[in-house]
Amino acid sequence: MKVIKQSFEIIQLPENALLLIEKAGRTCYKSEDKISEGTAEIFGKRLLDSQHESVLEHVSVSVRFITNRGVSHEIVRHRMCSFSQESTRYVNYNHKEMEFILPVWWEEWSMEQQNLWTKSIENAEKTYSELIALKTTPEKAREVLPNSLKTEIVVTANIREWRHIFQLRCSKKAHPQMRELMKTCCHEFKKKIPVLFDDIELE
Ligand SMILES: Cc1cc2nc3c(=O)[nH]c(=O)nc-3n(C[C@H](O)[C@H](O)[C@H](O)COP(=O)(O)OP(=O)(O)OC[C@H]3O[C@@H](n4cnc5c(N)ncnc54)[C@H](O)[C@@H]3O)c2cc1C
């Protein structure tokens, strides 16, 4: 059994994202001749200010999240995305070390709470192994696996949808494990294309 921290990696974000958005958006006004150094940022900001956000749909970004099954269950509620997720039907966790995601509030927990969580995931792993030993298929043995089980999920969405996801999932109302993951991810988006994500509050 291994306990790891959740993480993410942006696996695809077009270098020329802003320029593509500018080229598409200026088609509406036939102002393509105004494209020059630095205009893409100004144009992108103008799109957001006027809520002309459909233009942001021309650029897609793919992110690999490594998180727990509880968080991934929430992520897949977002309908304007494409998903590819590690399958608990086809992966036999008895063939490799089973991984679990450390709760982000671990330090806030008392020793007693930490021990109970650890005992519970150890039991889940042991029971899973016993079921597999009884020739149970992984898709049936998975019944005993907890929300804390590690999963990997690749999410592809356009920039408009990523903005929506960050607005919902970085908010204080979001689940803490989800919020932490999306805040760090949004922070990275802000670094890469500041003008399109600057307005999203992270605190
Ligand atoms: C704090 C929080 C608590 C939640 N609690 C619960 C809960 O207790 N139970 C539960 O079941 N879910 C819960 N959810 C999930 C929530 O109901 C949504 O399913 C999820 O956040 C996806 O958001 P969305 O539908 O806005 O966006 P997406 O599915 O990402 O879609 C993006 C946008 O496209 C538009 N859209 C998409 N599909 C349609 C459609 N069919 N018709 C019209 N417009 C559409 C909407 O404008 C939508 O906002 C919670 C979410 C949050 C953030």
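As the structure is a prediction and not an experimental result, all values here were calculated from the model. Counting starts at 1 for both ligands and their atoms, in listed order. What's counted below: heavy atoms across the whole structure, side chains too, no hydrogens, waters or symmetry copies.
- For atom 14 (N) of ligand 1, the nearest protein heavy atom lies 4.0 Å or farther away.
- Atom numbering of ligand 1 starts at 1 in the shown order; those under 4.0 Å from a heavy atom of L168 are 21 (O), 23 (O).
- Nearest protein heavy-atom neighbour of atom 21 (O) of ligand 1: R169 NH2, 3.3 Å.
- Scanning all protein heavy atoms for the shortest distance to atom 48 (C) of ligand 1 gives H164 NE2, 4.1 Å.
- With values rounded to the nearest 0.5 angstrom, K2 atom NZ is found 13.0 Å from L102 atom CG.
- Listed here is the closest heavy atom pair of W162 and V61: NE1-O, 3.0 Å.
- For atom 29 (O) of ligand 1, a protein non-hydrogen atom is found at a distance below 4.0 Å.
- For atom 4 (C) of ligand 1, no protein non-hydrogen atom is found at a distance below 4.0 Å.
- Salt-bridge annotation for R64 and E152: present, with a side-chain N of the basic residue lying under 4.0 Å from a carboxylate O of the acidic one.
- Atom 1 (C) of ligand 1 has as its closest protein heavy atom K173 O, 3.3 Å.
- Distance screen at 4.0 Å: atom 9 (N) of ligand 1 has no protein heavy-atom neighbour inside the cut-off.
- With a 4.0 Å heavy-atom cut-off, ligand 1 is reached by no atom of H175.
- For atom 51 (C) of ligand 1, a protein non-hydrogen atom is found at a distance below 4.0 Å.
- For atom 31 (O) of ligand 1, the closest non-hydrogen atom of the protein is M80 CG, 3.9 Å.
- Atom 42 (N) of ligand 1 has R79 NH1, 4.9 Å as its closest protein atom, hydrogens excluded (heavy atom only).
- Counting only heavy atoms, the protein gets under 4.0 Å from atom 39 (C) of ligand 1.
- Checked for salt-bridge contact, K45 and E41 miss the test: no charged N lies under 4.0 Å from a carboxylate O.
- Other residues, nucleotides and ligands place more than 12 heavy atoms under 6.0 Å from the CZ atom of R160.
- Contacts of E161 with ligand 1, taken as heavy-atom pairs under 4.0 Å, involve the side chain alone.
- Using a 4.0 Å cut-off between charged side-chain N and carboxylate O, D33 and R26 make no salt bridge.
- Atom CD of E97 has more than 12 heavy atoms from other residues, nucleotides or ligands within 6.0 Å.
- Of the possible donor and acceptor atoms, none in the side chain of R89 sits under 3.5 Å from a partner among the backbone N and O of P138.
- Between R79 and E161 there is no salt bridge, since none of the side-chain N atoms of the basic residue sits less than 4.0 Å from a carboxylate O of the acidic one.
- Of the protein's heavy atoms, none falls inside 4.0 Å of atom 35 (C) of ligand 1.
- Within a 6.0 Å radius of NZ in K190, more than 12 heavy atoms belonging to other residues, nucleotides or ligands are found.
- Remark: atom 23 (O) of ligand 1 lies closer than 4.0 Å to at least one protein heavy atom.
- Against a heavy-atom cut-off of under 4.0 Å, H78 is close to the following atoms of ligand 1: 21 (O), 22 (C), 23 (O), 27 (O), 28 (P), 29 (O), 30 (O).
- Between E188 and K191, at least one side-chain N (NZ, or NE/NH1/NH2) sits under 4.0 Å from a carboxylate O, which counts as a salt bridge.
- Short contacts between ligand 1 and R77, defined as distances under 4.0 Å to a heavy atom of the residue, involve ligand atoms 10 (C), 11 (O), 12 (N), 19 (O), 22 (C), 29 (O).
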